[in-house]
Amino acid sequence: VALTGVGPQLARVPANRPRLPSAERLLPYLREIDENRYYTNLGPLHARLTARLAGHFGIDEGQLGLAATGTAALTGLILAIAGKADSAKPYCLCPSYTFAATALAIEACGYRTLFADIDAESLALDPQRIAGTPELDQCAVVVVVAPYGRPPDLRAWQAFSTTTGLPVIVDAAACFDTIDAVDVCRGPVAVAMSLHATKTFSTAEGGIMLASDFGLIERALAALNFGFLFERDCAMPSTNGKLSEYHAAVGLAELDGWAAKRESFRHVAAMYGEVAASAGLAERMEVNTLHANPYALFHASGADEAAAVVKELSRVAVDSRYWYGFGLHRQVHFSGGARMPLPITDDIAPKVLGLPFALDLGLADINRVLSAVASPLGRRLG
Ligand SMILES: Cc1ncc(COP(=O)(O)O)c(C=O)c1O
């Protein structure tokens with residue numbers, strides 16, 4: 001592609017460029033699988049990954065369940081907590097400002113989504129505002145989203161669940177390194193996370209379920225294993241959403257190298273922060289320098305400014321993403337769904353732009369990205 005003014009040799013900077021454990025690091029685990037001849041169905045590597053992750057989080061292994069994807073983790077928790085939808089409570093309240101997976105998991109359990117607006121600061125549902133919603137009467141469960149790996153306000157949602165008597169599940173897809181699992185296990189709110197390649201800690205495809213209640217995790221695992229609770233008898237609404245031994249192998253190798261991977265994420269975030277500050281854009285850039293987080297977000301002052309930034313980024317071969325689109329209510333499949341007024345979602349979604357992030361993004365790439373962000377704003381890197 002010829003790029004006027006930027007040189008034809010410029011390599012594209014993708015929005016996300018994952019790196020998972022190399023073949024070499026996987027090999028010992030793959031050899032174990034060859035030896036075991038156990039390929040899925042909650043085998044020995046699955047058990048070991050569960051135990052090691054529980055140790056990593058400082059919780060009991062009965063409080064952590066693995067799933068084939070983050071979507072499956074959500075599905076397993078909804079089925080275990082609320083079962084399938086019935087006519088008395090057909091709805092599940094959730095934000096429109098999220099990735100499609102949140103609502104698809106809800107629908108897979110038979111519920112109709114009821115989209116609620118977000119808070120302008122947290123970009124998440126506001127428990128105080130939601131508590132006053134009359135439509136809660138018709139909701140069997142509330143699915144809260146912790147957007148962009150930002151840690152959820154667990155205490156507030158635990159209090160909400162206790163006061164309203166409604167089960168709450170947090171879709172904390174990208175929160176592997178920001179979630180306080182010990183805090184999760186102190187209260188009634190369950191958490192689902194994604195181990196997709198685009199996240200930080202990854203098994204390529206995978207998910208984690210966290211809950212204080214051992215019985216709940218047991219039921220959620222059964223909901224992802226044909227409803228087999230204690231014997232080979234389908235005892236509950238369910239699906240097949242198990243993590244295979246091969247994916248568990250990736251997880252074990254990923255854990256071996258996690259400390260270094262985590263530092264790489266933080267290093268790139270710090271570089272982003274420093275370069276943004278040199279252009280006076282520190283307030284507009286959101287990166288997490290303390291924890292591994294797969295997002296670098298630019299907060300534009302308006303939709304037009306964001307669009308101008310997208311155009312300039314594209315001109316210099318840099319990809320960008322509105323990771324949650326402009327809200328699910330603007331996507332074809334969900335456009336006819338039930339919703340409350342969504343003025344904040346409508347205002348904010350077109351202003352939050354995902355910039356490239358990868359654990360090995362170099363300073364030259366970051367300079368290219370942020371020069372292109374700064375230019376339509378009439379700024380330059382210092
Ligand atoms: C907010 C949110 N929820 C759920 C998911 C689904 O996770 P997975 O892709 O592992 O199914 C994602 C994935 O990107 C997400 O961003």
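Not measured: the values here are computed from a predicted model. Just so you know, ligand 1 is whichever comes first in the structure, and atom 1 is the first atom listed for that ligand.
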Distance to 0.1 Å, residue and atom name: give those for the protein heavy atom nearest to atom 16 (O) of ligand 1. Phe99 CB, 3.6 Å

Using a 4.0 Å cut-off to any heavy atom of Thr98, which atoms of ligand 1 qualify? 1 (C)

Hey, would you say the Tyr295 and Phe265 ring centroids sit under 6.0 Å apart? no

Is there a path from Val142 to Leu210 through hydrophobic residues (I, L, V, M, F, W, Y) whose side chains come within less than 4.5 Å of each other? yes

Member of Met285, Glu286, Glu305, Lys351 meeting the side chain to side chain contact (heavy atoms under 4.5 Å, CB included) criterion with His299: Glu286

Is there a polar contact between ligand 1 and Asp171, counting only N or O atoms under 3.5 Å apart? yes

Check the angle between the aromatic planes of Phe201 and Trp258 and answer parallel, tilted or perpendicular using the 30° and 60° thresholds. perpendicular

Is the shortest N/O to N/O distance between Ser194 and ligand 1 below 3.5 Å? yes

For Gly70, is at least one N or O under 3.5 Å away from an N or O on ligand 1? yes

How close do Tyr272 and Pro356 get, counting heavy atoms only, and between which atoms? OH-O, 2.7 Å

Please report which non-hydrogen protein atom sits nearest to atom 15 (C) of ligand 1, along with the residue it belongs to and the distance in Å to one decimal place. Ala173 CB, 3.4 Å

A student checking ligand 1 against Thr69 at a 4.0 Å heavy-atom cut-off should list atoms 10 (O), 11 (O)

Verify, without hydrogens or angle tests, whether Asp126 (side chain) and Asp119 (backbone) share a donor-acceptor contact under 3.5 angstrom. no

Taking Arg25 first and then Asp256, would you say they form a salt bridge - that is, a charged N and a carboxylate O separated by under 4.0 Å? no

Is the Phe326 ring parallel, tilted or perpendicular to the Tyr322 ring (thresholds 30°, 60°)? perpendicular

Atom 11 (O) of ligand 1: closest protein heavy atom, distance to 0.1 Å, is Thr71 OG1, 2.5 Å

Counting from 1, what ligand 1 atoms have a heavy atom of Thr102 closer than 4.0 Å? 3 (N)

re atom 13 (C) of ligand 1, the protein heavy-atom contact at minimum distance is Lys199 NZ, 3.2 Å

Within a distance under 4.0 Å of any heavy atom of Ala101, pick out the atoms of ligand 1 and give their elements. 4 (C), 5 (C), 6 (C)

